[in-house]
Each structure stands twice: as structure tokens, then as C-alpha cells.
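Chain naming here is simple, since letters A, B, ... match the order of the sequence lines and numbering starts at 1 in each.
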Number of protein chains: 2
Amino acid sequence: MRDNNDMPGHLVRRFQQIAVAVFRAEAEAAGYDLTPVQYAALSAIGMNPGIDQVTLAGLIAYDRTTITGVVDRLVQKGLLARNPSRKDRRARELQITEEGMRTLQGVTPAVEAAQGVMLRGLTEEEREEFMRLLRKAITAGNELSRAPLREVSADEAKGS
Amino acid sequence: MRDNNDMPGHLVRRFQQIAVAVFRAEAEAAGYDLTPVQYAALSAIGMNPGIDQVTLAGLIAYDRTTITGVVDRLVQKGLLARNPSRKDRRARELQITEEGMRTLQGVTPAVEAAQGVMLRGLTEEEREEFMRLLRKAITAGNELSRAPLREVSADEAKGS
DNA sequence: GATAATTGATCAGTATGCTGATTATCAGTA
DNA sequence: TACTGATAATCAGCATACTGATCAATTATC
């Protein structure tokens, strides 16, 4: 029987734990209380103002039911505004606030730094290769989780 | 600004989501209701009968407060027995039950299969390299999370 | 042997992440 | 127009993960 500790699923869980811990530590050191998930949402909304929650979920590969709570907390912190859409009364349009924009800009250096820390055991070439393999594996497995990445088509992106 | 979707932290989160989904799907297809975390705990206890919860946490890199709930649920399912230790009345000794052993043996092929599915986008060489890089990065970052791996020393292992 | 420091387990609280259901709304069709 | 199906958001419930605290028991120190 293979040692469970040496299975890819287990290794990934451990690296994910390290990645989250490093992210939070770097963000806190920079004076921000933001989780990786909250940062990703904030960043995506900043680049796509006015999107609804389902589109946001697809952009960053979140589960749709998880989004509600994440957005709740960002609204609570004053970093996002959530308003009913006039085009579709089921949907909520998400906008980043002034403070959200300042937070995003302020925390980004810490986020970049965190990526280096979590990969500190790898050389530059190894980091590139690691990310290439991650991208490749994720692309092949995208549809296997309930929260696949959904690229916004050119149609949706320009118009709406 | 770098696309958040292309940062290692984000890529790892997505791969972890896929890995968990694949694991659960394969386990369910084989007739078992077991999470990756529960499998890891069961497996570790099976190979180290009588260990306490802190040692278990170190063996598989869990947070000590998470272990309580995981063990609770495995005891609930009848796969584990948890008894107070006579050597240290603070500690609980964990034993795998007959049914736990049957479950472990029965589900293991599905667990092995899951590892292949989650890496289906990679060639055999790429899988090896991916795991090598994961191991290397984790080793370097082990102490950065609250749940580092703690190998059982020869001393502790033989005795008890 | 008394005291201090440490340790094993648990708990309260918070944040992802999932399954499956519900509600309101929208879109297509007979 | 009435009906059907699909969709956006939310909810209840469950399972990881973490922070920080508490309690009981053990170990170390004086």
C-alpha cells in the first residue's frame, strides 16, 4: 500500500494549507485582513465592474453557494457594493468601492510576495515548471469539480 | 498587475478542489462515503494503532483542532475506537475497528484510481515531476502552516 | 514536594466549500 | 397568454481549517 502522505491529493492539500497560511501572514503584515478567496473576488470585480455573482463565480472558479458568503463579508467590510440589476431582477450587480480599490492596490505587493514565499523551496525554473504542470492538470480536470472556471465570452464581455 | 488566476496560490486552490471532487466521486462509485481527510486519518491509524490525536495530527499534517471533529465522525461511523490512555490520562488512544479495516481495504483501489484521474492531463513523466516539485515546496514550507508534518521519531515509534 | 511550564483534548467563533432544496425571475414555446 | 424549463440568489446542513481560549493532566524546576 502506497504511503498516503505521498499521494498527489494529499500533497496538494498540504501545499494549499501552506499557501493559505503564507497569504494570510503576508496580508496581515501589510496591515490587511483579507483571505485569499476575498482577494480573488475583489480583484475579479475590480477588473469586471457590474458583473453578477454567477459570472464572478465562473471567473475565479468558486462554487456559486460559496460566493454569497464571500460577497457578504466584503460588503460588510465596505469593500464592495451589491445592488439589484435593472436588466435582470434576479441578479445582483457587484461594484468595487473606493475603499475596495485602495485595499486592492495596497495589498497587492503583499500578495505578490506571498507567491514567492510559498515557493521558496523551488528554483526559478522549477517554479515555472510547477505552474505549467498545475495549469495543465487543472485544464484537464476543470469540469470535474462543481466550481469550474468559466471564461467570459467576447460577446458577454463587451456588451451586456 | 498579474492575473490572479495565474498565481500559484490560486492554481493550487483550484487543483485542490478538483482533487477533492475526484476523490469523493471515486469513493462513492465504489460504495463508500469517506472524505480525503477521513481516509488519511483512517490509514494513519491503521498503520499506527494506539496513537493519540496529537501524534496523528503530526503524521498527516492536520490542525490539532480539526482532528477532534474528524475522529468524532469516524467513531460515529464505527470505523474507529477512541479510548482514554492509561499512560497519560489526558490522551485518547485511537484504534481502527474491524469495520474500519474492511473499509480501508475496500476503498483503497478507488483512492488509487482517484490519483490517476486528478492527474489525467499529465504524462507519466510530468506526474513524477509534479510530485517531486510538490514534495520539495512542501518540505521548504512545512513550518509555515499551523499544521506541519511531524515525523514520529524512532524512539516514539518503537516504544509506547 | 510545591510551583511553573507544558501538553492533550476540546470548545466557541469564523471562513471556505460542498450537496441539495427553495424562491423569484426570466425566456422560450404551444 | 399560459405553461415549461432554465437561471440567479439564497438557505439549511455538513465537513474541513483556522485563531485563540479553557481545562485537566503531566513534566520540569526549584
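Taking atom CG on B:L59 and atom P on C:dG8, their separation rounds to 13 Å, with Å as the unit. The CD1-P distance, from A:I67 to D:dT7, rounds to 18 Å in whole Å. Distance B:Y39 OH to D:dT16 P: 16 Å, rounded to the nearest Å.
Nearest to the side-chain atoms of A:R90 among the listed nucleotides D:dC18, C:dA24, D:dT16 stands C:dA24. Of the listed nucleotides (D:dA17, D:dT26, D:dT16), D:dA17 has the atom at the smallest distance from the side chain of A:Q17. For B:R146, the listed nucleotide lying nearest its side chain is D:dT19; candidates were C:dT16, D:dT19, D:dA8. Each of C:dA15, D:dA25, D:dA9 was ranked by its minimum atom distance to the side chain of B:D88; first place goes to D:dA25. Among the nucleotides D:dA9, C:dA9, D:dC18, the one closest to the side chain of B:T66 is D:dC18. Of all nucleotides listed (D:dA6, C:dA9, C:dA21), C:dA21 comes nearest to the side chain of A:R64. Of all nucleotides listed (D:dT16, C:dT10, C:dC18), C:dC18 comes nearest to the side chain of A:T65. Listed candidates were D:dC18, C:dA9, D:dA9. Nearest to the side chain of B:R92 is C:dA9.
Across every strand in view, C:dA30 sits in a pair with D:dT1 that passes the Watson-Crick or G-U test at under 3.5 angstrom.
Close to D:dT10, at under 4.0 Å from its OP1 or OP2, lies a side-chain N or O of A:R82. When the side-chain nitrogen and oxygen atoms of B:R13 are compared with OP1 and OP2 of C:dG17, one or more of them lie within a distance under 4.0 Å. Considering only side-chain N and O atoms, A:R73 lies under 4.0 angstrom from the phosphate OP1 or OP2 of C:dT16. Within the 4.0 Å cut-off from OP1 or OP2 of D:dT10, at least one side-chain nitrogen or oxygen of A:Q53 is found. Proximity of B:R24 to the phosphate of C:dT19: no side-chain N or O atom is located under 4.0 Å from OP1 or OP2. In this structure, A:T35 does not reach the C:dA15 phosphate: none of its side-chain N or O atoms is under 4.0 Å from OP1 or OP2. Contact annotation: B:Q16 side-chain N/O to C:dT16 OP1/OP2 distance is not under 4.0 Å.
At a threshold of 4.0 angstrom between heavy atoms, the contacts of B:D63 include nucleobase atoms, whether or not backbone atoms are also involved. Using a 4.0 Å heavy-atom cutoff across all strands shown, A:A147 reaches sugar-phosphate atoms only and no base atom. Backbone-only engagement by A:V70 is indicated by non-hydrogen atom pairs under 4.0 Å involving sugar-phosphate atoms exclusively.
Here the CD atom belonging to A:E128 is positioned 11.0 Å from the CG atom belonging to A:L122, to the nearest 0.5 angstrom.
Between the side chains of B:D52 and B:T55, at least one donor-acceptor pair of N or O atoms lies under 3.5 Å. In the model, B:Q115 has no side-chain atom that pairs as donor or acceptor with a side-chain atom of B:R127 under 3.5 Å.
A donor-acceptor pair under 3.5 Å links the side-chain atoms of B:Y62 to the main chain of B:V37, judged by distance alone.
Residues A:V111 and A:L80 are members of one and the same hydrophobic cluster, defined by side-chain heavy-atom contacts under 4.5 angstrom among Ile, Leu, Val, Met, Phe, Trp and Tyr. Side-chain heavy atoms closer than 4.5 Å link hydrophobic residues (I, L, V, M, F, W, Y) into clusters, and following such links, even through other members, never connects B:F15 to B:M7.
Checked by distance alone, A:R89 brings no side-chain donor or acceptor within 3.5 Å of a matching partner on the base of C:dT25.
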